[in-house]
Asks: 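My structure is below; once you've seen it, I'll send some questions.
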Amino acid sequence: MRSSVYFYPTLKETPQEAQIASHRLMLRSGMMTQVTSGIYAWLPLGLRVLQKITQIIREEQNKAGSLEVMMPTIQPAELWEKSGRYHDYGKEMLRMQDRHEREMLYGPTAEEVITDIFARFVKSYRDLPKRLYNIQWKFRDEIRPRFGVMRGREFLMKDNYSFDLTFEGAKASYQAMLEAYVKTFARMDLTAIPVRAASGAIGGELSHEFQILAETGESEIFYDVDYKNLDVNTLTLDRLQSLYAASDELHDPKICPVPEERLKTARGIEVGHVFYFGTKYSIPLGAYVMGPDNKQVPVEMGSYGIGVSRLVGAIIEAHHDENGIKWPISVAPFKVGLLNLNVKDKACTELCDGLYEKCLQAGVEVLYDDRDMGPGAKFADMDLIGLPWQIIIGPRSVGSGQCEVKNRRTGEKIELSLEDSLKQIV
RNA sequence: CGGGGUGUAGCGCAGCCUGGUAGCGCGCCUGGUUUGGGUCCAGGAUGUCGGGGGUUCAAAUCCUCUCACCCCGACCA
């Protein structure tokens, strides 16, 4: 993609509403922009990141034996009256009427809808287990939206729902999701700690929150200091769960197994949540199957959420410096930024155009800064949007045949021939 | 919802106290200049001063109502 025809309105100054790094950087890099309180429009650069994250989540969900569906954003109140949550959900639910004055709502979650679908089609234990998920926009009319996409009112969520015949089956589903989550977050260069948690309005009996440690997190957690030393690449669920972590509501110093000197407290950003809640929805919504003993049994359920749009912010919180974002390669909007330091220099531009073509042919996602601007502004913009690699070509390169390759993460710069620069990156 | 704050050009802000022709920096447009870390020079465009009502000869400025947004707290992916 050529910068000259792309659309990423970068800002030199920080918009006054942005208090935390991720919010600031998302606005400054032109990834997204606020439409109204807690509601954002995603611009091309931000959308690419959102799509990369979505795809990683999708792949890991599929590997964990789940099937993707797509449920609507608008739901009928009826289903929620059956589950009893229409009243309980309160003002956080955005309610509306259609032209027939039928009560509708913008879905804050989808237990009712998916359970109803399941109930209508699945009648036998032989069809179990089933794990169905979708990645869809949700709306929760938060008391106080803040921190950009970290706590928006409208947000993109992956929500998975498991249906099993027995408690043991449900536990296996729960475990499969825990494992999928560890892999999912690791692929984004995040160490997310599964913290035993109290379950909120969704209700339930067994529940973990996945928290990313960050000063700007909204919840307080207690954890074993060893969490800081884990290697994302070799992380396993067993290892993660062998360490102590608890939310402040559940943490009890009296029964905490971690000696005081190893116990740390920090703020966490919740990026995922897994619940087991048994038959809480299957009974009221009539999700029964025929068991092997010819008896109707309500199915055992769990639900598993990941805040997809929140993850964009969370990843930036974990990966940035004073100059801008440092994207992990797996979610970067482009893999490499190609900087033409002087577009008016014909020979220089020829070199750049040539390398750009080669990148495209090699299937390397490249943002080619071919705008007519000073070099300083280009460096600043490229650091800000945080692509993992930069290839810098200026008039100097014309004589030498060398370009500079910069690793945004480490800041390391090396001089290479144009040929080698591409090899370095691929 | 309770407490605090802000609305003036696309962005960041000054002006308001003490009423009298609406300003600065960045950005934008034109021309030139410069080209390895946000070049420099010259010229130019852009505002219902968030909105309604009131006071006054006169309101960005004073009074009043209202809307929006932000920050602190309780809730959540």
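Throughout, protein chains are lettered first and strands after them, A, B, ... in sequence-line order, and every chain is numbered starting at 1. A quick note: this is a predicted structure, and the numbers were derived from the prediction, not measured.
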Asks: What is the separation between atom CZ on A/Arg146 and atom P on B/A77, rounded to the nearest whole Å?
Replies: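 A/Arg146 atom CZ is separated from B/A77 atom P by 15 Å.
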Asks: Find every protein N or O atom lying less than 3.5 Å from an N or O atom of nucleotides 41-45 of chain B, and list the pairs.
Replies:
none

Asks: Side-chain atoms of residues 414-423 of chain A: list all donor-acceptor pairs with protein atoms under 3.5 Å, sequence neighbours left out, distances to 0.1 Å.
Replies:
from	atom 1	to	atom 2	distance (Å)
A/Ser417	OG	A/Asp420	N	3.2
A/Ser417	OG	A/Asp420	OD2	3.3
A/Glu419	OE2	A/Lys358	NZ	3.1
A/Ser421	OG	A/Leu418	O	2.6

Asks: Who does B/C11 pair with, Watson-Crick or G-U, both distances under 3.5 Å?
Replies: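 Pairing partner: B/G25.
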Asks: Mind checking who B/G2 pairs with, Watson-Crick or G-U wobble, both distances under 3.5 Å?
Replies: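 Base partner found: B/C72.
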Asks: Strictly below 4.0 Å, heavy-atom distances to any atom of RNA chain B: list the hits from residues 29-58 of chain A, or just say none.
Replies: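 By residue number: A/Gln34, A/Thr36, A/Ser37.
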Asks: On RNA chain B, does the nearest nucleotide to A/Ala18 precede the nearest nucleotide to A/Leu11 from the 5' side, or the other way round? Give the residue.
Replies: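 It is A/Leu11 whose nearest nucleotide is closer to the 5' end.
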Asks: Could you give the CD-to-C1' distance, from A/Glu154 to B/C76, as a whole number of Å?
Replies: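 From A/Glu154 CD to B/C76 C1': 16 Å.
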Asks: Taking atom types as modelled, is there a side-chain donor on A/Gln75 or A/Tyr106 under 3.5 Å from an acceptor on the other?
Replies: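 No donor-acceptor contact under 3.5 Å links the two side chains.
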Asks: If you define the side chain from C-beta out and look only at heavy atoms, does anything of A/Leu128 sit under 4.5 Å from A/Phe118?
Replies: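 Sidechains of A/Phe118 and A/Leu128: in contact.
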Asks: If you measure from the ring centre of A/Phe379 to the centre of the six-membered ring in the base of B/G36, is it under 5.5 Å, with the planes under 30° apart?
Replies: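 No, A/Phe379 does not stack on the base of B/G36, since the centre distance and plane angle fail the 5.5 Å and 30° test.
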Asks: Take the angle between the ring planes of A/Tyr276 and A/Phe167 and call it parallel below 30°, perpendicular above 60°, tilted in between.
Replies: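 Ring orientation of A/Tyr276 relative to A/Phe167: perpendicular.
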Asks: May I ask you to list the residues of residues 392-410 of chain A, by number, that have any heavy atom positioned under 4.0 Å from an atom of RNA chain B?
Replies: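 Heavy-atom cutoff 4.0 Å gives A/Ile392, A/Gly394, A/Arg396, A/Ser397, A/Glu404, A/Lys406.
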Asks: Could you give the distance separating B/U64 and B/C57 at their C1' atoms, to the nearest angstrom?
Replies: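 Result for the C1' pair: 22 Å, nearest Å.
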Asks: Could you check whether A/Arg28 pairs with A/Glu13 (Lys NZ or Arg NE/NH1/NH2 to Asp/Glu carboxylate O, under 4.0 Å)?
Replies: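 Between A/Glu13 and A/Arg28 there is no salt bridge, as every charged N stays at least 4.0 Å from the carboxylate O atoms.
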Asks: Sequence neighbours excluded, which residues qualify as side chain to side chain donor-acceptor pair (under 3.5 Å) partners of A/Asp372?
Replies: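 Scan of A/Asp372 (side chain to side chain donor-acceptor pair (under 3.5 Å), adjacent residues dropped) gives A/Lys344.
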Asks: Can you tell me the distance, in whole Å, between the CG atom of A/Asp383 and the P atom of B/G37?
Replies: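 Result: 12 Å.
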Asks: Between A/Asn62 and A/Tyr133, do the side chains contain a donor N or O and an acceptor N or O under 3.5 Å apart?
Replies: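 Yes, because at least one side-chain N or O of A/Tyr133 sits under 3.5 Å from a partner of the opposite role on A/Asn62.
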Asks: Is any side-chain N or O of A/Arg144 closer than 4.0 Å to OP1 or OP2 of B/C75?
Replies: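 Result: no.
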Asks: Taking atom P in both B/U21 and B/U6, compute the distance separating them and give it to the nearest angstrom.
Replies: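 It works out to 25 Å between them.
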Asks: Please list each protein N or O that sits under 3.5 Å from an N or O in nucleotides 24-31 of chain B, with the distance.
Replies:
from	atom 1	to	atom 2	distance (Å)
B/G25	N2	A/Glu13	OE1	3.0

Asks: For residues 310-330 of chain A, which residue pairs pass the salt bridge (Lys or Arg N to Asp or Glu O under 4.0 Å) check, not counting sequence neighbours?
Replies: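 Residue pairs with at least one partner in residues 310-330 of chain A: A/Asp321-A/Arg408.
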Asks: Let me know, please, whether A/Met157 or A/Gln19 comes out on the 5' side of the other along RNA chain B by nearest nucleotide.
Replies: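 Comparing both residues, the 5'-ward one is A/Gln19.
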Asks: Side-chain polar contacts of residues 45-52 of chain A - donor-acceptor pairs under 3.5 angstrom, sequence neighbours left out - could you list them?
Replies:
from	atom 1	to	atom 2	distance (Å)
A/Arg48	NE	A/Pro333	O	2.7
A/Arg48	NH2	A/Pro333	O	3.3
A/Arg48	NH2	A/Glu365	OE2	3.1
A/Lys52	NZ	A/Ala332	O	3.1
A/Lys52	NZ	A/Glu365	OE1	2.5
A/Lys52	NZ	A/Glu365	OE2	3.3

Asks: Near RNA chain B, counting only heavy atoms under 4.0 Å, which residues of residues 304-336 of chain A show up?
Replies: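 The answer is A/Ile306, A/Gly307, A/Arg310.
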Asks: Do the two ring centres, one from A/Tyr368 and one from A/Tyr356, sit under 6.0 Å apart?
Replies: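 Ring centres of A/Tyr356 and A/Tyr368 closer than 6.0 Å.
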Asks: Which residues satisfy the side chain to side chain donor-acceptor pair (under 3.5 Å) test with A/Glu78, sequence neighbours excluded?
Replies: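 If we apply the side chain to side chain donor-acceptor pair (under 3.5 Å) test to A/Glu78, skipping adjacent residues, the hits are A/Arg102.
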Asks: Using side chain to side chain donor-acceptor pair (under 3.5 Å) as the criterion, list what pairs up with A/Tyr40, not counting sequence neighbours.
Replies: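 So A/Tyr40 forms a side chain to side chain donor-acceptor pair (under 3.5 Å) with A/Gln34.
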Asks: For atom C1', what is the distance between B/G5 and B/U30, given to the nearest Å?
Replies: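 Between the two C1' atoms, the distance is 42 Å.
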Asks: Taking side chain to side chain donor-acceptor pair (under 3.5 Å) as the cut-off, I'd like each qualifying pair that reaches into residues 394-407 of chain A, sequence neighbours left out, listed once.
Replies: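 Every pair satisfying side chain to side chain donor-acceptor pair (under 3.5 Å) with a residue in residues 394-407 of chain A: A/Asp383-A/Lys406.
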Asks: Using a 4.5 Å cut-off on heavy atoms from C-beta on, say whether the side chain of A/Ile212 contacts that of A/Thr191.
Replies: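 No, too far: nothing below the 4.5 Å cut-off.
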Asks: Closer than 4.0 angstrom, basic N to acidic O: yes or no for A/Glu103 and A/Arg95?
Replies: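 Salt bridge between A/Glu103 and A/Arg95, a charged N being under 4.0 Å from a carboxylate O: no.
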